[in-house]
Trainee: 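Structure provided below as structure tokens; questions to follow.
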Amino acid sequence: MELTEKIMYNASFHKDVSFEGIFWMGVKTTGIFCRPTCTARKPKFENVEFFSNTKDAILKGYRPCKVCRPLENLDATPQYIRELLQEISKDPSLKIKDYDLVKRGLEPATVRRWFLKHHGITFHAFQRMFKLNTAFKKLKQGEPVTEVAYDMGYESLSGFNESFKNIFGVSPKNKSMEKIIDLTRIETILGTMIVCADEKGICLLEFSDRKALPTELKAISKYFNANIVQGENPHFMILEKELSEYFEGKRTEFTVPLSMVGTTFQKEVWTILKGIPYGTTRSYQEQADILGNPKSVRAVANANGLNKISIIIPCHRVIGSNGQLTGYGGGIWRKQKLLELEKAILF
């Protein structure tokens with residue numbers, strides 16, 4: 001489908017979120033430009049023009065709208081939150097209280113709301129989980145329970161034991177403790193991504209607004225019989241560096257290890273997906289042919305949709321036989337942007 005001005009205007013009129021990131025609308029009568037979902041009163045069709053990026057709108061003399069803030073990634077992690085996360089990461093034994101937040105010029109209620117919205121728990125609960133994640137790993141490495149408890153800032157062994165059992169369901173002395181899957185957030189130019197990893201590699205990389213994300217997290221937890229807890233993982237550093245290079249057009253292949261979660265058939269499909277060259281596309285039929293089962297198109301498409309490691313396992317490179325973009329968990333607009341990025345760098 002050709003993206004005409006009429007289509008973009010109607011998308012803006014109806015505040016269609018699926019067009020977020022595909023276009024921005026400049027309003028000639030006010031000199032401002034907006035994102036498609038702006039809630040401000042819509043101008044007449046003859047008073048608007050459209051841009052494929054914010055840079056062109058600014059070069060044309062338009063100012064960003066104060067209502068929809070088109071220059072911001074609405075799901076991005078604020079800088080003050082990033083600083084808190086970095087501080088906790090460096091020293092998990094820290095206990096940052098509301099009083100400490102106020103001393104830093106932060107409103108505790110604002111911090112609490114952000115963590116509830118993006119992590120489903122309060123800031124203080126997040127700190128406890130991060131601390132216990134670190135403790136879990138120390139215990140797995142054979143460190144004594146008492147030593148770990150006091151290193152993590154607990155004033156009593158009983159308090160540590162109780163907190164640990166509330167999160168993991170077992171005593172820290174239990175030798176059959178479940179596995180942990182680490183989780184973190186990574187910012188990209190296309191939005192915030194949620195990442196999970198175990199000791200072998202990345203097992204999830206999804207945009208935070210993907211509707212199926214909660215289901216995927218449950219599937220990973222069940223697959224590994226593990227708890228998914230906020231924490232650090234050496235694979236996160238590699239991934240963040242490689243993702244940054246990818247979006248800057250400096251990387252066409254990823255080396256970060258993967259720990260794929262799926263059936264044998266799904267993993268075969270995902271392996272074939274990884275073989276699609278950078279900057280090119282294939283159809284579901286071509287994928288099925290390579291798999292050696294030309295009639296498995298529907299099964300291949302279903303496996304593509306269940307891919308939990310986006311970009312690295314490039315399901316965005318699969319399109320319909322008619323050349324049209326098909327469904328994408330992160331949104332069609334992101335699929336379009338990823339393909340545009342790769343083709344621009346390649347050619």
Trainee: Are any of the side-chain heavy atoms of T122 and V111 separated by less than 4.5 Å?
Mentor: no
Trainee: Do side-chain atoms of R317 reach the backbone of R282 as a donor and acceptor pair under 3.5 angstrom?
Mentor: no
Trainee: Can you name the closest pair of heavy atoms from P70 and T54 and give their distance?
Mentor: O-CG2, 3.9 Å
Trainee: Looking at residues at least two apart in the chain, or sitting in another chain, which of them share a salt bridge (charged side-chain N to carboxylate O under 4.0 Å, His left out) with K60?
Mentor: E49
Trainee: Does the side chain to side chain donor-acceptor pair (under 3.5 Å) test come out yes or no for N47 and T29, once each step is laid out?
Mentor: CA-CA 6 Å; N47 292 330; T29 52; 4.8 Å; no
Trainee: Are any of the side-chain heavy atoms of L291 and E268 separated by less than 4.5 Å?
Mentor: yes
Trainee: With a cut-off of 6.0 Å (strictly less than), are more than 12 heavy atoms of other residues, nucleotides or ligands near CD of E253?
Mentor: no
Trainee: Any side-chain heavy atom of F247 sitting closer than 4.5 Å to one from L341?
Mentor: yes
Trainee: Rounded at 0.5 Å granularity, tell me how far CD1 in I189 sits from CD in E248.
Mentor: 9.0 Å
Trainee: Starting from the C-alpha separation in whole Å, work towards a yes-or-no answer on side chain to side chain donor-acceptor pair (under 3.5 Å) for S12 and K42.
Mentor: CA-CA 8 Å; S12 179; K42 299 301 179 185; 3.2 Å; yes
Trainee: The criterion is ring pair (Phe, Tyr, Trp, His ring centres under 6.0 Å); which residues satisfy it with F126, sequence neighbours excluded?
Mentor: F115, H119
Trainee: Would you find a donor on one side and an acceptor on the other, under 3.5 Å apart, between the side chain of Q127 and the backbone of I96?
Mentor: yes
Trainee: Specify the closest pair of heavy atoms between I228 and C196, including all atoms of both residues, with the distance to one decimal.
Mentor: CG2-SG, 4.1 Å
Trainee: For D56 and N53: C-alpha separation, side-chain torsions, deciding distance, then whether side chain to side chain donor-acceptor pair (under 3.5 Å) applies.
Mentor: CA-CA 6 Å; D56 289 344; N53 57 70; 3.2 Å; yes
Trainee: Can we say K28 and E46 salt-bridge, meaning some charged N sits less than 4.0 Å from an Asp/Glu carboxylate O?
Mentor: no
Trainee: Is there a path of hydrophobic side-chain contacts, each under 4.5 Å between heavy atoms of I, L, V, M, F, W or Y residues, that connects I313 with V261?
Mentor: no
Trainee: How many angstroms lie between CZ in R82 and OG in S89, if you round to the nearest 0.5 Å?
Mentor: 14.5 Å
Trainee: Should K250 and E245 count as an ion pair when the cut-off is N to O under 4.0 Å?
Mentor: no
Trainee: Between T281 and I276, is any pair of side-chain heavy atoms under 4.5 Å apart?
Mentor: no
Trainee: So does E147 pair up with K138, basic N to acidic O under 4.0 Å?
Mentor: no
Trainee: Using a 4.5 Å cut-off on heavy atoms from C-beta on, say whether the side chain of V269 contacts that of N304.
Mentor: yes
Trainee: In this structure, are over 12 heavy atoms from other groups packed under 6.0 Å from F45 atom CZ?
Mentor: yes
Trainee: Do R104 and Y80 meet the cation-pi criteria used here (NZ or CZ under 6.0 Å from the six-membered ring centre, within 45° of the axis)?
Mentor: no
Trainee: Let's go through H316 and Q336 carefully: what are the C-alpha distance in whole Å and the side-chain angles of both, what is the deciding distance for side chain to side chain donor-acceptor pair (under 3.5 Å) to 0.1 Å, and is it a yes or a no?
Mentor: CA-CA 8 Å; H316 62 275; Q336 178 177 319; over 6 Å; no
Trainee: Where is the tightest heavy-atom contact between H235 and A197, given as atom of each residue plus distance?
Mentor: CB-CB, 4.4 Å
Trainee: Would a distance-only check, ignoring hydrogens and angles, find a side-chain to backbone donor-acceptor pair under 3.5 Å from N302 to R298?
Mentor: no
Trainee: E342 side chain to L339 main-chain N or O, any donor-acceptor pair under 3.5 Å?
Mentor: no
Trainee: Could you tell me whether E216 and K308 make a salt bridge, using a distance below 4.0 angstrom between a side-chain N and a carboxylate O?
Mentor: no
Trainee: Let's go through T37 and C68 carefully: what are the C-alpha distance in whole Å and the side-chain angles of both, what is the deciding distance for side chain to side chain contact (heavy atoms under 4.5 Å, CB included) to 0.1 Å, and is it a yes or a no?
Mentor: CA-CA 7 Å; T37 54; C68 65; 5.7 Å; no
Trainee: Step by step, work out the side chain to side chain contact (heavy atoms under 4.5 Å, CB included) result for C203 and I181.
Mentor: CA-CA 9 Å; C203 52; I181 300 294; 3.9 Å; yes
Trainee: Sub-3.5 Å donor-acceptor pair from the side chain of T192 to the main-chain atoms of T188, do we have one?
Mentor: no
Trainee: Just checking R112: does its CZ atom have more than 12 heavy atoms from other residues, nucleotides or ligands closer to it than 6.0 angstrom?
Mentor: no
Trainee: Here's one to test your reading of the geometry: is the NZ or CZ of K179 within 45 degrees of the ring axis of F224 and under 6.0 Å from its centre?
Mentor: yes
Trainee: What's the verdict on side chain to side chain contact (heavy atoms under 4.5 Å, CB included) for V102 and Y99, showing C-alpha distance, side-chain angles and the deciding distance?
Mentor: CA-CA 5 Å; V102 173; Y99 173 74; 5.6 Å; no
Trainee: Is there side-chain contact between R185 and I194, with at least one heavy-atom pair below 4.5 Å?
Mentor: yes
Trainee: Can you name the closest pair of heavy atoms from K335 and V318 and give their distance?
Mentor: NZ-O, 2.6 Å
Trainee: Between CG of L71 and SG of C65, what distance do you get to the nearest 0.5 Å?
Mentor: 10.5 Å
Trainee: Can you find a pair of side-chain heavy atoms, one from L94 and one from I88, that are under 4.5 Å apart?
Mentor: no
Trainee: To the nearest 0.5 Å, what is the distance between CH2 on W24 and CD1 on I32?
Mentor: 15.5 Å
Trainee: With the side chain counted from C-beta on, respond yes when L101 and F123 share a heavy-atom pair under 4.5 Å apart, and no when they do not.
Mentor: yes
Trainee: Ring centres of Y62 and F51 under 6.0 Å apart?
Mentor: yes
Trainee: Describe, in one word, how the ring planes of Y246 and F254 are oriented to each other, choosing from parallel (under 30°), tilted (30 to 60°) and perpendicular (over 60°).
Mentor: tilted
Trainee: Indicate if L217 and L239 have the same hydrophobic cluster label, given that clusters are the connected sets of ILVMFWY residues with side-chain heavy-atom separations under 4.5 angstrom.
Mentor: no
Trainee: Which pair of non-hydrogen atoms, one from N233 and one from D198, has the smallest distance, and what is that distance?
Mentor: ND2-O, 3.3 Å
Trainee: Any ion pair linking R334 and D209 (charged N to carboxylate O, less than 4.0 Å)?
Mentor: yes
Trainee: If only side-chain N and O atoms count, and only distance matters, is there a donor-acceptor pair under 3.5 Å linking Q230 with T184?
Mentor: no
Trainee: Say whether, by atom type as modelled, one donor and one acceptor occur between the side chain of Q285 and the main chain of V297 under 3.5 angstrom.
Mentor: no
Trainee: If you apply the rule side chain to side chain contact (heavy atoms under 4.5 Å, CB included), what do you find for C315 with W270, and how did you get there?
Mentor: CA-CA 8 Å; C315 51; W270 298 337; over 6 Å; no
Trainee: Starting at NZ of K15, measure out to SG of C38 and round the result to the nearest 0.5 Å.
Mentor: 8.5 Å
Trainee: Identify the heavy atoms of N307 and E206 that sit nearest to each other, and give their distance.
Mentor: O-OE2, 3.3 Å
Trainee: At what distance, to the nearest 0.5 angstrom, does CZ of R210 lie from OH of Y328?
Mentor: 8.5 Å
